[in-house]
Amino acid sequence: MNELLASIFTGLIIDENDQAYYVQKNGVTFRLLKSEGEHKLGEAVEGFGYQNQSQDNCFTTQIPKSRKGHFAFATVKDVRRDLGVFVDIGLPDKDIAVSLDELPTMRELWPKKGDRLMVQLTVDAKNRIWASIAEEKIFRALSKNGTPDLKNKDISGTVFRLKLMGTYLLTDDFYIGFIHPSERFNEPRLGEVVNGRVIGIRPDGVLNLSLKPRAHEAISDDAAMILAYLERTPTRTMPYTDKSDPEAIKQMFGISKGQFKRAIGHLLKARLIKQADGQTQLLAPTPQEDLSKTEK
């Protein structure tokens, strides 16, 4: 019995009723729903054996990608603090548990509903099917080396390993990515899908990623408006600074002096502008120009 669960095998159809066929292998009988297709008594059929939520022996010809010896991503469907998380591997009446022993010690880093885990299936001595999370070597085997042309590209991926030194993920294009703690605001969860950008490529082909926005993406709407104004002026300067008259600022930009000063302060801190002799000057090149050059 144990060797048949979570595995692909070929069984013989020995009986049927209105809803199902009954497939036998090594003296064990499994139920195959007729909704999956038509078969005949005595026919040999290949499929996947498992026990559903009610512990009934079931058989499906719609073989899941996650099984014994085969890893695939599965979506988290539920979280049980006393047990672990449950993932959907494609079975109609059974979600598979990932033991809490395989999850992070910090509960806030556990996967949430909708996250993804790469798992294979195992069966214990009590014929219980478990999903086991892939080790790092599996992700390494699946991945390819990053190349310099990926620098500054936006990228998304699924977190598969949490370490004190940083976070590892597998990108949608099968690169390994690494996020240093300094390049994120919060530590991502195991299984979380995150969006970032490539800031470098390591000698081993791993992508160094940042989850923080680019400078021009992080600035406020007011700062972006001021940047746009400076970009359109022939000299890339303007006669407005944080010392300018509030009414003049309001008339030109439609914002208060307080808003203007905050925006100017942000741009100064980002080293996008400088102020001298009663003028504000745009420092070239702008982040937008840098980005456009990279994308060409």
Say whether, by atom type as modelled, one donor and one acceptor occur between the side chain of T60 and the main chain of Q62 under 3.5 angstrom.
-> yes
Check against side-chain contact (heavy atoms from CB on, under 4.5 Å), N57 and Q51 = CA-CA 5 Å; N57 292 341; Q51 289 185 334; 3.0 Å; yes
D115 bridged to R189 by N-O distance under 4.0 Å | yes
Donor-acceptor contact present, side-chain N52 to main-chain S54, <3.5 Å | yes
Indicate, with yes or no, if I14 and F9 share a hydrophobic cluster defined by side-chain heavy-atom contacts under 4.5 Å among Ile, Leu, Val, Met, Phe, Trp and Tyr.
-> no
Worked check of side chain to side chain donor-acceptor pair (under 3.5 Å) between Q275 and T241 = CA-CA 7 Å; Q275 291 186 335; T241 70; 4.7 Å; no
Q251, CD: over 12 other non-hydrogen atoms inside 6.0 angstrom | no
Side chain K112, main chain V76, donor-acceptor under 3.5 Å = no
Under 3.5 Å, side chain of E183 to main-chain N/O of H180, donor-acceptor pair present?
-> no
Do other residues, nucleotides or ligands put more than 12 heavy atoms under 6.0 Å from K144 NZ?
-> yes
So, S210 side chain and R197 main chain: donor-acceptor pair closer than 3.5 Å or not?
-> no
Would you call the rings of H39 and Y21 parallel, tilted or perpendicular if under 30° counts as parallel and over 60° as perpendicular?
-> perpendicular
Side-chain donor or acceptor of K34 paired with backbone N/O of N17 under 3.5 Å | yes
Heavy atoms of other groups near R271 CZ, more than 12 under 6.0 Å = no
Has the side chain of T280 got a donor or acceptor atom that lies under 3.5 Å from a matching backbone atom of Y240?
-> yes
Does the pair T171 and D173 meet the rule for a side chain to side chain donor-acceptor pair (under 3.5 Å), with working shown?
-> CA-CA 5 Å; T171 76; D173 295 321; 5.2 Å; no
Is a donor on one side and an acceptor on the other found under 3.5 Å between the side chain of K257 and the backbone of S244?
-> yes
Centroid-centroid under 6.0 Å between F253 and Y229 rings = yes
Above 12 or not: heavy atoms from other molecules or residues under 6.0 Å from CD of Q53?
-> yes
Determine the sole option in E102, K68, Q120 for which the side chain to side chain donor-acceptor pair (under 3.5 Å) test with S132 is passed.
-> E102
May I ask you to check if R202 and F178 form a cation-pi contact, with NZ or CZ under 6.0 angstrom from the six-membered ring centre and within 45° of the axis?
-> yes
Test item: R116 side-chain N/O and V193 main-chain N/O as donor-acceptor pair under 3.5 Å = no
Count the heavy atoms belonging to other residues, nucleotides or ligands that lie under 6.0 Å from CD of E247, then report whether that count exceeds 12.
-> no
Within 6.0 angstrom of Q279 CD, more than 12 heavy atoms from elsewhere = yes
Given the rule that I, L, V, M, F, W and Y join up when any side-chain heavy atoms are under 4.5 Å apart, are L282 and I264 in one cluster?
-> yes
Look at atom NZ of K261 and say whether more than 12 heavy atoms of other residues, nucleotides or ligands are closer to it than 6.0 Å.
-> no
S66 (side chain) donor-acceptor with V119 (main chain) under 3.5 angstrom | yes
